[in-house]
There are 2 protein chains.
Amino acid sequence: MATIKDVAAHAGVSFKTVSRVINRHPHVTDAVRQKVLRAIEDLDYRPNIVARNMRTRKTEYIGLITDQIMTTPFSGAIIKGAQEAAWTSGIMLLTVNTDGQPELEAAAVNMLLERQVAGIAYATMFHKAVAPPAKLTDAPCILVDCFSASGELPAIVPDEMQGGYDATRHLLSRGHRRIAMINGKRGYPGTEGRLNGYRKALESADLAYDEALVRFGDWWQEDGYHHACCLMKLPDPPTAICCGNDRIAMGVFAAVHELGAAIPDDVAVIGFDNMEVIAAHLRPGLTTMALPYYEMGQRAIEYLTGDRCDDLQNGRRIELPCLLIQREST
Amino acid sequence: MATIKDVAAHAGVSFKTVSRVINRHPHVTDAVRQKVLRAIEDLDYRPNIVARNMRTRKTEYIGLITDQIMTTPFSGAIIKGAQEAAWTSGIMLLTVNTDGQPELEAAAVNMLLERQVAGIAYATMFHKAVAPPAKLTDAPCILVDCFSASGELPAIVPDEMQGGYDATRHLLSRGHRRIAMINGKRGYPGTEGRLNGYRKALESADLAYDEALVRFGDWWQEDGYHHACCLMKLPDPPTAICCGNDRIAMGVFAAVHELGAAIPDDVAVIGFDNMEVIAAHLRPGLTTMALPYYEMGQRAIEYLTGDRCDDLQNGRRIELPCLLIQREST
DNA sequence: TCTCCGCTTGACAACGTTGTCAAATTGAAT
DNA sequence: ATTCAATTTGACAACGTTGTCAAGCGGAGA
């Protein structure tokens, strides 16, 4: 590999002048610049970023630590968003998948710090409270799709309440008055946030909250199937079901079809997650709330690069909105 | 950040001695080593990998350029395999998603070369011929799930023929003698390789190749549906269908159900890809050939790190086997 | 005690780049 | 022609580490 000195010798100038050309510094005459550029071309010279980073004592790297994100289809968009935001800032992302194992996480943080990353984003597969590795805070950091139990770390999460609210408002706007919810497991931010949104939306329409219509499962198809069967057999069954995710919705579809009812005419169904393979392939297509994975990844990197001046001091967090994806099930 | 010199001063030794301790070099007395280790602990010192890389003129980075892999659920395992292989070698992966845009690819290669990567893997979402960016060969490189048209670059690809062969042999072993194939688009390595495997398997069972039973589509659900309908209406319909991928199989399921036939009793169905969300959630579960994505990613990195002495000179390539995932549809 | 050898330690250069500062050159104004 | 300021260029140090080599030290054998 040619170095800056080779270029200088080839162009007949000092290597400092070459440095100036490379970095587009002022005070280089056009003639000299051309000479240098030609030499760079001739020698197929590429600046050695490692050496540059060494001298300037900053790197163009940002770390991204994920738990199982890489393996799952949906939250993978976090990585994509982060990747693309980094790319537009000329930064490279160092992605490490730890499968959530604490020792791996600590090792990953260490590896990133040794490499002098400008910051670290720590992302999880689904929205939850986490205890990130201690050394994480040795670099500027941000939590993505999760938050620290103590709440002092900057975080970017989905606005679950708005999601639940908008989903329910959508069903209301379609004329439904008896709206059920088959939610995920209690205690999770997603479950509780969406539940609150659901209640708020009902309130906004002067509808009473009916406990019989609200059920909690484990985010699986089977839960959706089971609870949908129960709900449909109520004396006064719901005309719409808001599901905690698309897999639950898939189960609801199965139950509704089995009972000989039609979607959306007899029951409208809305999901959460917008998992392409499910939502777009169910018949009818599933209306669902897309979580802002891509945007969360993007915002995290923008925060770390300082491209956007988000104030996340003192436990403040960014809540990004969920987006209604309208298909045929509502 | 503390440097090696700070540690040396704190421990009362020369900074070279600290370097020796860090790198586990011999010729350091235990007493000194302990002193140094304590100083490292005290100052929370972490070696600066950037500086080390600068001095040793190698880096612990390998680049991974992908087209749309990140966005798609299935071939994402390539990244995972690469990631984990890199991790076990203490190497960090620099992943760039280019969406297949040539200018982005060239820029990505440049960015990686500037960062002095030890090698570059270039992976595609599905098995095909590619024309990778010219500068790719400025570093050790390998193609993953693709190959160069001219054939001179090292490549790791799935063994499509073995896949088609094993899939068909599996159906034969289940007693089927009239086996159809709904394949992908002609001209693609996957399509042609699996077709050849299918023919070989028939031959191995002394069965004639019947053109009427072999169909080509575009890898979509609709193609599977359409061709399955045609096949089932033949005077002598097949008792088993080998599908070019799981989406096609999904369409076949729909057609078979609609015609009132049962899987696997009336028709056995086998797919390709093992897309969890489809294969595991269809009823009955879909038997399918899993492509060796994870292994391809892993092998690519092992090749680049030299952890495994694969000889890929002169256009030789590694073909990794597809794996039968048995579920209930056969 | 002296010599020699092997182990331990340290001084210094080097990696390829950018920052600092001074020297050289140019051009305008006198 | 001379001066002065502004522009252009280059010499050198510095970043934090590892490689090279020489010096110091301790112990065994004479």
Side-chain angles (χ1 to χ4, degrees), chain A residues 1-37 39-40 43-61 90 110-118 138-139, chain B residues 1-37 39-40 43-61 90 110-118 138-139:
Chain A
M1 271 300 293
T3 75
I4 207 173
K5 291 188 184 174
D6 300 325
V7 175
H10 193 265
V13 297
S14 77
F15 68 96
K16 177 70 240 210
T17 300
V18 177
S19 169
R20 271 189 271 261
V21 172
I22 295 168
N23 295 283
R24 299 178 207 290
H25 285 171
H27 309 312
V28 184
T29 55
D30 251 3
V32 172
R33 183 190 315 282
Q34 292 310 326
K35 239 185 352 185
V36 170
L37 289 176
I40 287 177
L43 299 180
D44 194 25
Y45 167 79
R46 248 184 305 270
N48 182 327
I49 303 289
V50 176
R52 173 183 298 166
N53 288 345
M54 146 106 256
R55 176 67 237 247
T56 59
R57 263 121 67 73
K58 349 180 202 169
T59 66
E60 295 112 34
Y61 290 111
N110 203 46
M111 219 160 156
L112 294 173
L113 290 173
E114 283 179 342
R115 283 168 171 74
Q116 319 293 115
V117 291
D138 280 16
Chain B
M1 272 300 293
T3 75
I4 207 173
K5 291 187 184 175
D6 299 326
V7 175
H10 193 264
V13 298
S14 77
F15 68 97
K16 178 69 238 210
T17 300
V18 177
S19 169
R20 271 189 271 262
V21 171
I22 295 167
N23 295 283
R24 299 179 208 289
H25 284 172
H27 309 312
V28 183
T29 55
D30 251 4
V32 173
R33 183 191 315 283
Q34 293 311 325
K35 238 184 355 184
V36 170
L37 289 176
I40 288 178
L43 299 180
D44 195 24
Y45 166 78
R46 246 185 307 269
N48 181 328
I49 303 289
V50 176
R52 173 183 297 166
N53 289 343
M54 146 107 259
R55 177 66 237 247
T56 60
R57 264 124 60 79
K58 347 180 204 173
T59 66
E60 294 112 34
Y61 290 110
N110 203 46
M111 219 160 156
L112 293 173
L113 289 173
E114 283 178 341
R115 283 168 172 73
Q116 318 294 115
V117 291
D138 280 15

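Labels below follow one simple rule: chain letters A, B, ... track the order of the sequence lines, proteins then strands, and each chain is numbered from 1.
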- Task: Considering non-hydrogen atoms only, spot the tightest contact between B/F15 and B/I4 and give its length.
- Result: O-CD1, 3.8 Å
- For atom NZ of A/K58 and atom C1' of D/dG16, their distance in whole Å: 18 Å
- Message: So for B/K5 and D/dG16, does any side-chain atom that can act as donor or acceptor lie under 3.5 Å from a complementary atom in the base?
- Response: no
- Query: What is the distance from CD1 of B/I4 to P of D/dC15, rounded to the nearest Å?
  - Reply: 14 Å
- Message: Quick check: do A/V13 and A/K35 have side-chain heavy atoms less than 4.5 Å from each other?
- Response: yes
- Kindly say whether A/V50 contributes a backbone atom to a donor-acceptor pair with the side chain of A/N53 at under 3.5 angstrom? no
- Rounded to the nearest 0.5 Å, what separation is found between the CZ atom of B/R20 and the OG atom of B/S14? 6.5 Å
- Message: In this structure, how many angstroms lie between the C1' atom of C/dT18 and the CG atom of A/N53, rounded?
- Response: 12 Å
- Message: OP1 or OP2 of C/dG16 versus the side-chain N and O atoms of A/T3: is any pair under 4.0 Å?
- Response: no
- Consider the side chain of B/K16, meaning its heavy atoms from C-beta on, and name the nucleotide among C/dG10, D/dT17, D/dG10 that approaches it most closely. C/dG10
- Task: Measure from NZ on B/K35 to C1' on C/dG10 and round the result to the nearest Å.
- Result: 13 Å
- Tell me which nucleotide among C/dG10, D/dT17, C/dT17 gets nearest to the side chain of B/R52. D/dT17
- Message: Please report the distance, rounded to the nearest Å, between CZ in A/R20 and P in C/dC21.
- Response: 14 Å
- Query: Heavy atoms under 4.0 Å, any strand shown: does A/V50 hit a base, just sugar-phosphate, or nothing?
  - Reply: nothing
- What does A/N23 touch in the nucleic acid at a heavy-atom separation under 4.0 angstrom: a base, only the sugar-phosphate, or nothing? sugar-phosphate
- Note on the structure: Separation of C/dT17 atom P from B/E114 atom CD, nearest Å, is 10 Å
- Query: What nucleic acid atoms does A/T29 come within less than 4.0 Å of, heavy atoms only: base, sugar-phosphate, or nothing?
  - Reply: sugar-phosphate
- Query: Once you round it to whole Å, what is the distance between P of C/dC7 and NE2 of B/H25?
  - Reply: 16 Å
- Could a donor-acceptor pair under 3.5 angstrom be found where the side chain of B/R55 meets the base of D/dT18? yes
- Query: Atom CE of A/M54 to atom P of C/dG16: distance rounded to whole Å?
  - Reply: 13 Å
- Task: Remember a base hit wins even if backbone is also touched, and classify A/P47 as base, sugar-phosphate or nothing at under 4.0 Å, heavy atoms.
- Result: sugar-phosphate
- Query: Is it true that B/E60 and A/R115 have a side-chain N and a carboxylate O under 4.0 angstrom from each other?
  - Reply: yes
- Message: Let's see if you can work this out: which of D/dA13, D/dT9, C/dG10 has an atom nearest to the side-chain heavy atoms of A/H27?
- Response: D/dT9
- Task: Would you indicate, yes or no, if D/dG19 has its OP1 or OP2 atom less than 4.0 angstrom from a side-chain nitrogen or oxygen of B/T56?
- Result: no
- Message: Would you say that B/D44 contacts A/D138 through its side chain, given a criterion of any heavy-atom pair below 4.5 Å between the two side chains?
- Response: yes
- Which nucleotide, C/dG10, C/dT17, C/dT18, lies nearest any side-chain atom of A/Y45? C/dT17
- Task: Specify the residue among B/T17 and B/R57 whose closest nucleotide of DNA chain C lies further upstream toward the 5′ end.
- Result: B/T17
- Query: Does a side-chain N or O from B/S19 land closer than 4.0 Å to OP1 or OP2 of D/dT18, or not?
  - Reply: yes
